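First comes the structure, then the notes that go with it.
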Amino acid sequence: MNDTNGSLTTLDVALELHESGNFDAAADIYTRLLEQDPANLDARYGLGTARLQQGNPHSASDLLEQVVHSAPGVPEYHYNYGLVLQQLEQHYAAIEQFNAATIVRPEGRFLWLGLARSLAAVHNYAGAVTAQERVIDSDSATAADWTTAADYYFMAGRYDDARRAVDKARELGRNDPRNEYVEACCAAIAGDDDTERELLRKAVDLRPGFAEAWDRLLDLVPQEEVLALADTCEGLSGDAATPARDKLILRYTLGRAYERLEDYDRAWRHFENANQRQQDEAAANGNAYDRVGNDRFLSWAKTEYDEQGTAASASDDRPIFIVGMPRSGTSLAERIVSNLDGVTMGGESEALEHVSGLYYSALARGESAPLRELQSGHWDELAAGYWHTRAGARGVLTDNTPANFRHVGMLCRMFPSASVIYMRRDPRDAATSLYTHMLPDRDAYATDLGDLAHYCGFSLRLMAHFANVFPDRIIEVDYESLVTDTESESRRIAEFCGLEWQADCLDAGHRQPADVTFRGRQMRQRLATNDIGHWRNYREHLAMFVEACAVNEVPLRDD
């Protein structure tokens, strides 16, 4: 196409192509315009947006970051850059962009929607509710907006508000299975299994491929109905109309169904299929497990955290960090500790990951001193950044984020009065639980038995080092002991954290709201020992894991 009418006309042509969905042709014109005039902000913004829509967020990120820096007063620039950061799972950076956009244009409904999504992605459901309320309080609020609000209200523990939001969505004519699902989750929290079952049935009637609803329903149907449910899920998993994500969840549900039927070979085949699919998806999205990267991190941490006498923050806050392999009992430990007087349940949070990530990025750019050279003021700033990111209660607050074991050295310097509860569990039981449940894509190690063993070894060696450097800050708790001798172990934990033990801390439903991050029904039940030694049902299938444990120096207990 010849540029006979000047760059403005060419830009208009690119915009027309862009709006019609011809992103490739539009991107070609934007690129030529930038070659002619690198300062052409409209072309740079157009190319960045086209790259986003072409599914190339990394390229889009560089372009839109430059646009935002050049024109910080344009909310659309911040918004699209925020969308890119969401795709790259840089949710805290996305929050900053959406916040900037809403400051410039507080009436922008779509800006608040973007902010709410990013806040929910980092488990800041209170913040997500606040942002979503700006959406539903507007005259243009839709039924879908109210359904989304119901989701956020539920995750924030505001169950009555969640039900009211569902009612409003229905009033506006939204016949959405998500409404039934959220209301079913509220019924689960209340312990009303009959109502939960009825609502989940309605949800799958409205959308047969609704995998999350089938997964919850599996826990509620009687034994004689499990096979029929499995057959239904099998058919849906092969149905072209079922979305890919739902198909993946259904594979895990099928595995659990055959586990209930004690057909462990068939269950494993479904789990294996699901993990392979998720592993392929993670690799395609650039989220494959990085063994080399973790080995390098371990070597670096051993060098940086080798002296206890270096500077630390002056903070007197007493957060309680609960770390370890996922599925090692961290939620159980948090439930018990949070039921003690003076403790606030904080749940999962990516705050420490975010703060540490910002520091490591600044270190790589040469904008921050190495850890061993940081002074107290620097550690104060990092601690303040943690609380700012959490945007909630301070003091004795739990942080139940298992992967924070990577940052124990940092958190011990940020919070000299913090306690670290390190949960340990038989690696075979932990691996079985991880492999047979769907985890977020970032936990790609859980989809491969060899990677699982490597990650176990990585966590063990790193925590052993931190325990040597900070021996008075870390208490190691054996999951099996906590379940079988709960009172003694919970007393030991309370004493270590400087808290007064109370017998009612063992009550599953006492004080704190039910855990909605995995299975609230399990948390309402008394502690059980039937998941100890569960790995034996898959002994033959775990042979590769056991061999990899030997290679990665992961000790296994006697059978």
Side-chain angles (χ1 to χ4, degrees), residues 215 218-219 223 226 230 251-276 278-279 289 323-333 402-403 405 422-440 443-461 463 476-486 489 518-519 521-523 525-559:
D215 195 58
L218 174 61
D219 292 332
Q223 189 68 17
V226 173
R251 287 292 171 187
Y252 284 102
T253 304
L254 277 164
R256 294 202 308 112
Y258 284 108
E259 194 173 68
R260 275 192 64 177
L261 294 168
E262 298 185 0
D263 187 345
Y264 296 108
D265 289 339
R266 193 167 183 178
W268 189 265
R269 286 197 296 273
H270 285 296
F271 290 136
E272 202 167 38
N273 179 285
N275 277 282
Q276 185 60 60
Q278 194 170 7
Q279 185 181 126
Y289 178 61
V323 304
M325 285 288 292
R327 310 295 293 158
S328 63
T330 56
S331 293
L332 172 60
F405 72 79
Y422 172 37
M423 294 299 302
R424 293 282 303 275
R425 185 182 184 183
D426 186 314
R428 291 162 297 191
D429 271 334
T432 301
S433 186
L434 287 166
Y435 197 74
T436 59
H437 290 88
M438 184 170 172
L439 270 68
D443 295 326
Y445 64 86
T447 63
D448 179 89
L449 294 177
D451 287 342
L452 252 172
H454 183 274
Y455 192 70
C456 284
F458 166 65
S459 67
L460 286 169
R461 288 189 287 276
M463 284 304 299
E476 185 174 311
V477 179
D478 183 81
Y479 169 74
E480 290 79 4
S481 297
L482 184 59
V483 170
T484 58
D485 191 7
T486 310
E489 287 298 292
F518 203 74
R519 297 192 185 282
R521 184 175 300 101
Q522 292 178 350
M523 298 308 293
Q525 297 169 348
R526 297 294 297 178
L527 301 181
T529 60
N530 57 4
D531 61 342
I532 296 176
H534 182 60
W535 68 270
R536 293 186 177 89
N537 295 312
Y538 300 106
R539 184 188 296 272
E540 293 182 3
H541 301 290
L542 288 170
M544 180 188 298
F545 175 75
V546 171
E547 292 174 5
C549 281
V551 173
N552 289 280
E553 300 177 354
V554 177
L556 299 178
R557 305 173 189 188
D558 294 337
D559 289 358

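Note that the coordinates shown come from a computational prediction; the quantities given were computed from them, not determined experimentally.
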In sequence, state the C-alpha distance, the side-chain angles, and the governing distance for Y538 and E259, and then conclude on side chain to side chain donor-acceptor pair (under 3.5 Å).
CA-CA 10 Å; Y538 300 106; E259 194 173 68; 2.6 Å; yes
Is the shortest side-chain heavy-atom distance between [X] and [Y] below 4.5 Å?
| X | Y | result |
| --- | --- | --- |
| P427 | M325 | no |
| E480 | D426 | yes |
| R424 | Y479 | no |
| M423 | L332 | no |

[atom2] on [Y] to [atom1] on [X], rounded to 0.5 Å:
| X | Y | atom1 | atom2 | answer |
| --- | --- | --- | --- | --- |
| T330 | Y422 | OG1 | OH | 12.5 Å |
| T253 | R256 | OG1 | CZ | 6.0 Å |
| R269 | D263 | CZ | CG | 7.0 Å |

Less than 6.0 angstrom separating the ring centers of H270 and Y258, yes or no?
yes
Taking the six-membered ring where the residue is Trp, are the ring centres of H454 and Y289 under 6.0 Å apart?
yes
With the threshold set at 4.0 Å, does a side-chain nitrogen-carboxylate oxygen contact exist between R557 and D478?
yes
From the list W268, Y455, F271, ring-ring contact (aromatic ring centres under 6.0 Å, His included) with Y435 holds only for W268
Examine the side chains of R425 and S328 and answer whether a donor and an acceptor come within less than 3.5 Å of each other.
no
Determine whether the side chains of Y252 and N275 contain a donor N or O and an acceptor N or O closer than 3.5 Å.
yes
State whether the number of non-hydrogen atoms from other residues, nucleotides or ligands found under 6.0 Å of E540 atom CD is greater than 12.
no
